[in-house]
Amino acid sequence: MLGVQYGMSAYGMGQKASLHVLEAKDLLQRHKDVYHTFWKWAEQNVNAGLAGVELHTVFGWKIRAGKGRDVKENTFLNWPMQANGAEMLRLACIALEEEGIGICAPVHDAILIEAPLDEIDQLVASATHHMQKASGWVLGRGRHCRVDAEIVRWPDRYIDGRGVDMWSFIQSRLGEEAA
């Protein structure tokens, strides 16, 4: 679904989902029919952006195609969601910092925090609350993003299956360097 919202082509969808390109075209058209309000908004952003109109986030981050700037159509399809998501993350990080919650790093659309084992549940609940509040500041009108959390307690460590090979490679190199 995310790829579709960011301008994935029927060919790209077919490749990802192992579909014939005609099936993918049909699915894309159905998506546009069902979510016509989203697609009208998205098309307005693309048209405005390509015409050189400045697009901006709720808190003023801007993008504009202009003379000498080659900006792809999908940039204006993707930018409003990515940029406003970044606004949410920035506001959440500020709120967590002000509350004294230890931030290790923002990670795309998440925040990695560190806390003593006896405080982690409380601090994750607080971080979740702040992330929901931050999404409400950006979305307005009483809307909030759903926020989920994953707690990893020592001696365990967070492992993303997509990064296992890279982690193993780095660990093997570190082992060689130490020897």
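Computed from a predicted structure; not experimentally measured. Numbering of residues begins at 1 and proceeds along the displayed sequence.
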Please check if the number of heavy atoms outside [X] that lie under 6.0 Å from its [atom1] is greater than 12.
X: R157; atom1: CZ; result: no
X: E73; atom1: CD; result: no
X: Q82; atom1: CD; result: yes

Check whether any side-chain heavy atom of N78 lies under 4.5 Å from a side-chain heavy atom of Y6, and answer yes or no.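 Result yes, sub-4.5 Å side-chain heavy-atom pair found.
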
Quick one: does Q132's side chain get under 4.5 Å of R146's, heavy atoms only?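 Side-chain contact under 4.5 Å: no.
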
Restricting to side chain to side chain contact (heavy atoms under 4.5 Å, CB included), what partner residues turn up for V164, sequence neighbours left out?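 Checked V164 against side chain to side chain contact (heavy atoms under 4.5 Å, CB included); matches are I159, S168.
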
Which residues pass the side chain to side chain contact (heavy atoms under 4.5 Å, CB included) test with E98, not counting sequence neighbours?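 Side chain to side chain contact (heavy atoms under 4.5 Å, CB included) list for E98, sorted by chain: I94.
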
Would you find a donor on one side and an acceptor on the other, under 3.5 Å apart, between the side chain of R64 and the backbone of G52?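 Yes: the side chain of R64 pairs with the backbone of G52.
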
Any side-chain to backbone donor/acceptor pair from S135 onto H144? Under 3.5 Å, distance only.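 Not confirmed, S135 side chain does not pair with H144 backbone.
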
Just how far is it from atom CE of M13 to atom CG of L27, taken to the nearest 0.5 Å?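 It comes to 5.5 Å.
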
Smallest separation among heavy atoms of G49 and A65, with atom names: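 Closest pair (atom of G49, atom of A65, distance): O-CB, 3.6 Å.
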
Whichever hydrophobic residues join V58 through chains of side-chain contacts under 4.5 Å: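 V58 clusters with F59, M88, L91, W137, V138, L139.
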
Fellow cluster residues of V147, listed by chain then number, with links counted only when side-chain atoms sit under 4.5 Å apart: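 Its cluster partners, ordered by chain and number, are L89, L96, I101, I103, I111, I113, I120, L123, V124, M131, I151.
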
My understanding is that only residues two or more places apart in sequence, or in another chain, count here; which of them pass side chain to side chain donor-acceptor pair (under 3.5 Å) with R162?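 Applying side chain to side chain donor-acceptor pair (under 3.5 Å) to R162 gives D160.
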
Scan for side-chain hydrogen bond (donor to acceptor under 3.5 Å, both in side chains) pairs involving residues 33-43, sequence neighbours excluded, and state none if there are none.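 Residue pairs passing side-chain hydrogen bond (donor to acceptor under 3.5 Å, both in side chains), neighbours aside: Q29-D33, H31-W39.
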
